[in-house]
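The structure under discussion appears below in the form of structure tokens.
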Amino acid sequence: MTTSYDAAAALLPLVGGPANVTSVAHCMTRLRLGLADPSLVDGEALRALPGVLGVVEDDDTYQIVLGPGAVARVTADFEALLRKETRKARNATPLKMALRRVANVFVPLIPALIGCGILAGLNGLLVNTGWLPGLTPALSAIASAFMSLIAVFVGYNTAKEFGGTPVLGGAVAAVVVYPGVAKVTAFGVALAPGQGGVLGALAAALLGTYVEKWCRGRVPGTLDVLITPTLTVLVSGLTTLYVLMYAAGTVSSAIGTAANWLLSTTGAFAGAVLGGLFLPLVMLGLHQALIPLHATLIEQQGSTTLLPLLAMAGAGQVGAAAAVYVRLRHDTALRTTIKSALPAGLLGVGEPLIYGVSLPLGRPFLTACAGGAAGGAFVGLFAMLGERVGATAIGPSGWALFPLLSGNGGLGTAAAIYAGGLLTGYAVGFGATYVFGLPKER
């Protein structure tokens, strides 16, 4: 084992994992562990590890002989690793695990969404100005092609994430966007190509994965290569056509209608809530639930009006960090952290500031949320007045979102409103943190 951390990482799974360790201590030469179930220990593998000089079992502890000096270093890293794994296990609730898996379906699509979104914005600019008319049809085709087939990619990634054959997931999801579905009638209404969108594709591929696994466990091996893919595509395809596309289409339409109603009638309030609560959602990992909603809105309307509101949380975070930097002039270490993390925060990468600055200090996290709420209310207010700001792709925020902005009032108006929201978030986050965010003794 080359380092003490490597030693600790190698030891932990061999003693039954973090859930099996009840206590940790060491003497001059031995790492002494209290174990919930000693039978889970792989003693033979432990003895074979480089650096392990032997193991000793008694009634109370399981002792791993590492030698003087080494035992202290390994114990410290073992305890740190144990705390980390315990926190990870505590946070791995079924809800978070489900959201993380759904996020794993959509996150790989973000680079294509960004690239196509920027090209769509550039094409719109050329169309509006009348420049390069011979190029705009080509740009439109390039920018739109991915979105027209996004259901296939969602299906492929869904099957891959949930243990199915990726190409079968893509094949089933392709039913959603196939033009020929217009000849199919479900619930007395003719289907429309793309009905159900990414949600329909996700559901279709999930069903396909379940059917495939069911077949794998029951079809004889000699027939598996023929029967399993055929039944997977047939059963899942028919269910997609006659059930899932209709149901997912209803849900997708409801999402679009709800987003439009929310911004039209309660824009300022909705913006304040979304901008103010997004940092806690990020901290808890629940923001991943919004990815399918963004993708649905982009697919339906060409942009997501939720992302610019949520991006204001980052603005409040930047303002709060700047106030901490100004107030704590003598805290060199913290100021260094802020100085290195602030550029990333301006570009929408807020985790370094959240976990390195505002969350450890406590109050600045709350005042950062206040800044996000103010910025969200600013952008939401304009949505109530008829000037909506949307993003043609998900992923970037902060200044990095400017190339992806769109709006019913044109790119210039959308950029101005978004910039106003950022400035509001910066100002309120800074002011609230400067006045209320830190104890006076600091």
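For clarity, every value in this text was computed on a predicted model and none was experimentally measured.
Using a 4.5 Å heavy-atom threshold, the side chains of Leu309 and Val273 count as separate. The shortest distance between side-chain heavy atoms of Gln195 and Val181 does not fall below 4.5 Å. Leu306 is listed as a side-chain neighbour of His294, based on a closest heavy-atom distance under 4.5 Å. Between Val55 and Val65, every side-chain heavy-atom pair lies at or beyond the 4.5 Å cut-off. For the pair Leu109 and Val154, the minimum side-chain heavy-atom distance is below 4.5 Å. Counting heavy atoms from C-beta on, the side chains of Leu31 and Leu11 come closer than 4.5 Å. Contact annotation: the side chain of Phe106 approaches that of Pro292 to within less than 4.5 Å [non-hydrogen atoms, C-beta and beyond]. Contact annotation: the side chain of Leu35 approaches that of Val21 to within less than 4.5 Å [non-hydrogen atoms, C-beta and beyond].
Minimum heavy-atom separation, Gly163 to Lys213: O-CE, 3.6 Å. Minimum heavy-atom separation, Leu405 to Ala414: CD1-O, 4.1 Å. Contact detail for Gly390 and Ser303: the closest heavy-atom pair is CA-OG, 3.9 Å. Residue Asn20 comes nearest to Val15 through the heavy atom pair ND2-O, 2.9 Å, listed as atom of the first residue, atom of the second, then distance. Considering every non-hydrogen atom in both Gly437 and Pro364, the closest pair reads O-CD, 3.2 Å. Residue Ala8 comes nearest to Val74 through the heavy atom pair CB-O, 4.0 Å, listed as atom of the first residue, atom of the second, then distance.
With Thr3 contributing its side chain and Asp6 its backbone, the two residues share a donor-acceptor pair below 3.5 Å. Distance alone, capped at 3.5 Å, places no donor-acceptor pair between the Asn123 side chain and the Leu119 backbone. The backbone N or O of Trp261 sits nowhere less than 3.5 Å from a side-chain atom of Ser264 that would complete a donor-acceptor pair. In this structure, Ser340 contributes its side chain and Thr337 its backbone to a donor-acceptor pair below 3.5 Å. Remark: the backbone N or O of Thr250 is not paired with any side-chain donor or acceptor of Ser253 at under 3.5 angstrom.
A donor-acceptor pair shorter than 3.5 Å can be found between the side chains of Gln317 and Ser358.
The environment of Arg335 atom CZ is dense: over 12 non-hydrogen atoms of other residues, nucleotides or ligands sit within 6.0 angstrom. More than 12 heavy atoms of other shown residues, nucleotides or ligands fall within 6.0 angstrom of atom CZ in Phe146.
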**OP:** Begin with the C-alpha distance, continue with both residues' side-chain angles, and end with the deciding distance and a verdict on side-chain contact (heavy atoms from CB on, under 4.5 Å) for Tyr325 and Asp331.
**Re:** CA-CA 9 Å; Tyr325 185 86; Asp331 195 330; over 6 Å; no

**OP:** Could you go through the side-chain contact (heavy atoms from CB on, under 4.5 Å) check for Phe278 and Met312 one step at a time?
**Re:** CA-CA 9 Å; Phe278 191 61; Met312 296 301 117; over 6 Å; no

**OP:** Report the C-alpha separation of Val176 and Thr240 in whole Å, then their side-chain angles, then the decisive distance to 0.1 Å, and conclude whether the side-chain contact (heavy atoms from CB on, under 4.5 Å) test is met.
**Re:** CA-CA 8 Å; Val176 174; Thr240 298; 4.0 Å; yes

Original post:
Could you go step by step and tell me if Leu334 and Leu361 meet the side-chain contact (heavy atoms from CB on, under 4.5 Å) rule?
Top reply: CA-CA 10 Å; Leu334 187 59; Leu361 293 175; 3.9 Å; yes

Please set out all donor-acceptor pairs under 3.5 angstrom arising from side-chain atoms of residues 425-435, sequence neighbours excluded.
residue	atom	partner	partner atom	Å
Tyr426	OH	Trp399	NE1	3.0
Thr433	OG1	Thr367	OG1	2.7
Thr433	OG1	Gly429	O	2.6

Distance-only donor-acceptor pairs under 3.5 Å for side chains of residues 23-30, two or more places apart:
residue	atom	partner	partner atom	Å
Ser23	OG	Gly34	N	3.1
Arg30	NH1	Gln63	OE1	2.5

Side chains of residues 131-139: which donor-acceptor partners sit under 3.5 Å, not counting sequence neighbours?
residue	atom	partner	partner atom	Å
Thr136	OG1	Pro133	O	3.0

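Between Met384 atom CE and Thr266 atom OG1 the span is 7.0 Å, to the nearest 0.5 Å. To the nearest 0.5 Å, atom CZ of residue Phe162 and atom OG1 of residue Thr209 are 8.0 Å apart. Taken to the nearest 0.5 Å, the CG atom of Leu81 stands 5.0 Å off from the CG atom of Leu12. For the atom pair CG of Leu307 and CD1 of Ile298, the computed distance is 7.5 Å after rounding to the nearest 0.5 Å. Expressed to the nearest 0.5 Å, how far CZ of Phe378 lies from CG of Leu423 amounts to 8.0 Å. In this structure, CD1 in Ile114 is found 9.5 Å from CG in Leu401, a value given to the nearest 0.5 Å.
Taking the side-chain hydrogen bond (donor to acceptor under 3.5 Å, both in side chains) definition, one finds that Asn408 meets it with nothing, sequence neighbours left out. Remark: Phe402 pairs with Tyr418 by the ring pair (Phe, Tyr, Trp, His ring centres under 6.0 Å) rule, at least two apart or across chains.
If you run side chain to side chain donor-acceptor pair (under 3.5 Å) between Arg388 and each of Asn260, Thr305, Thr413, only Asn260 comes through.
Sorted by first and then second residue, the side chain to side chain donor-acceptor pair (under 3.5 Å) pairs involving residues 159-177 (not counting sequence neighbours) are Arg101-Glu161, Asn104-Glu161, Thr165-Glu212.
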